[in-house]
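This report refers to the structure that appears directly beneath it.
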Amino acid sequence: MAALWSFLGIVVFCITSRSFAAYSLTQSQQAFQWPGQKTSSFVAKQTAPQADPFQKCNVEDNEKVQCGEPGISFANCDAVNCCFDGQQCYYGKAVTVQCTRDAQFVVVVMRDATRPRMNLESISLLGGSDPPCGPVGTTVAFAIYQFPVTACGTTLKMDGDFLVYENKMTSTYEVSVGPLGSITRDSHYELLFQCRYSGTSVEALVVEVNTVPPPPPVAAPGPLRVELRLANGQCSAKGCVEEDQAYSSYYGDAEYPVSKVLREPIYVEVHILGRTDPNIVLTLGRCWATSNPEPQSLPQWDLLVNGCPYQDDHYMTTLIPVDGSSGLQFPTHYKRFVLQMFMFVEPITLGPLKETVFIHCSTSVCTPTAAESCSALQQEEERC
């Protein structure tokens, strides 16, 4: 039995939910109308116009929180960037910030403002999460904060004629630590916001922080004519199986790097190129991810170990069987697996690394001999 070994790689661009969260934040122009609290209008300065990826107004009836005074008109509701269902003005899947004339911050956070949705209990301000810095009201979907602009770690500076009060809201996240690297699949939420006061006006400013830079191009040919690629088929018919439909189409060369959200499934396929021998069998040894194209660089995160899902990953890679029912002419020439998107974190500070993620696999191609077939390798894989 002869075995041919190769290393190949392909790139996946890891995008945090921060860019999605930043859309929701910068689009908000007025915030929670606290009962009995006089508020002032303000202009939220936007960093860049973006399309709405989250269907902001698609909020369940039992999760809606009233925006503005009772009886607010559609025009006024729309003017403060809230949603109107014909009867009620309510907050959408966003985060809104308000500065009141009596020097209060009001921040309304929706769990669906990020993908994956944030854990509202993990949020804290610069001054921590103890009163008055914790939420003053919560629902299943929203957390509402109200605190003086001089509290909770707020910093003060002068900007021309304005007094500028600035604070930051961040979330904690779970980190998985491996022998060669660390990753997270949780949203890393970070919001920098300001209240700007002068003798005649009040303004609020929401800032998008740490924007992910455009990923570099990549090309990763395999020396043994074994290709690794990503599938992109979508389930469009009722009752279709997502894993099967995903492999009905693939990203083209011009579409790499591919942008994915944390925990979004990545459908990977490795297959032999240019061979028509039905007896040869492709097997996977180790598959892993790095933050740059060099396969042996650090940090690393295992996806498959000896052809089986890495057991120490809370979101284990899933092997997809490829057999005669796949419709492929040579099913033994293919291996498929699914992982959930993650991002690397810095090993000392555990801060998320806004970097591209590269996937690598070591492969073997088994050729049967008179003395031994490839069935032993196939049986070994089935143990997974």
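What you see is a predicted model; the values in this text were computed from it and never measured.
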Let's test your reading of the model: do Cys287 and Cys361 have SG atoms under 2.5 angstrom apart? yes

Among the clusters formed by ILVMFWY side chains lying less than 4.5 Å apart, do Val345 and Tyr189 turn up in the same one? no

Have a look at His271 and tell me which of Arg336, His333, Lys335, Glu227 forms a side-chain hydrogen bond (donor to acceptor under 3.5 Å, both in side chains) with it. Glu227

What is the minimum heavy-atom distance between Leu163 and Met158, and which atoms define it? CD2-SD, 3.1 Å

Going by the rule side chain to side chain contact (heavy atoms under 4.5 Å, CB included), which residues pair with Asp159 if we only count those two or more places apart in sequence or in a different chain? Val164, Arg196

Does the side chain of Tyr250 come under 3.5 Å of the side chain of Glu269 through a donor N or O and an acceptor N or O? yes

Check this for me: Glu255, atom CD, are more than 12 non-hydrogen atoms of other residues, nucleotides or ligands nearer than 6.0 Å? yes

Among residues two or more places apart or on two chains, list those pairs meeting disulfide bond (SG atoms under 2.5 Å apart) that have a residue in residues 101-186. Cys133-Cys152

Scanning both residues in full, the closest heavy-atom pair of Tyr173 with Pro352 reads OH-CD, 2.8 Å

Common cluster, Phe147/Val95, ILVMFWY with side-chain heavy-atom separation under 4.5 Å: yes

Val365 vs Val281 side-chain heavy atoms within contact, under 4.5 Å: no

For Glu264, all residues meeting salt bridge (Lys or Arg N to Asp or Glu O under 4.0 Å), sequence neighbours excluded: Lys260

By side chain to side chain contact (heavy atoms under 4.5 Å, CB included), Pro148 pairs with (sequence neighbours left out) Gln104, Thr150, Ala151

Using every non-hydrogen atom in the two residues, find where Glu242 and Pro265 come nearest and quote the distance to one decimal. OE2-CG, 4.3 Å

Between the side chains of Ser297 and Asn292, is a donor N or O closer than 3.5 angstrom to an acceptor N or O? yes

Compare the SG-SG distance of Cys67 and Cys89 against 2.5 Å and report whether it is shorter. no

Which atom of Gln300 lies closest to which atom of Phe344, heavy atoms considered: C-CE2, 3.8 Å

Is the closest side-chain heavy-atom distance between Phe142 and Tyr91 below 4.5 Å? yes

Report yes if the side chains of Leu228 and Ile359 come closer than 4.5 Å at any heavy-atom pair, otherwise no. yes

Extract all donor-acceptor atom pairs below 3.5 Å that involve side chains of residues 318-329 and protein atoms in other chains or at least two apart in sequence.
{"residue": "Asp323", "atom": "OD1", "partner": "Ser325", "partner atom": "N", "Å": "3.0"}
{"residue": "Asp323", "atom": "OD1", "partner": "Ser325", "partner atom": "OG", "Å": "2.4"}
{"residue": "Ser326", "atom": "OG", "partner": "Asp323", "partner atom": "O", "Å": "2.6"}
{"residue": "Ser326", "atom": "OG", "partner": "Leu328", "partner atom": "N", "Å": "3.3"}

Do Glu174 and His314 get their side chains close enough for a donor-acceptor pair, meaning under 3.5 Å? yes

Using the test salt bridge (Lys or Arg N to Asp or Glu O under 4.0 Å), find all partners of Glu243 that sit at least two apart in sequence or belong to another chain. none

Are the sulfur (SG) atoms of Cys83 and Cys57 separated by under 2.5 Å? yes

Tyr310 ring center within less than 6.0 Å of Trp288 ring center: no

Counting C-beta onward and ignoring hydrogens, is there a side-chain heavy-atom pair between Pro257 and Phe358 closer than 4.5 Å? no

For Leu125 and Phe193, which heavy atoms make the closest approach, and how far apart are they? CD2-CZ, 4.0 Å

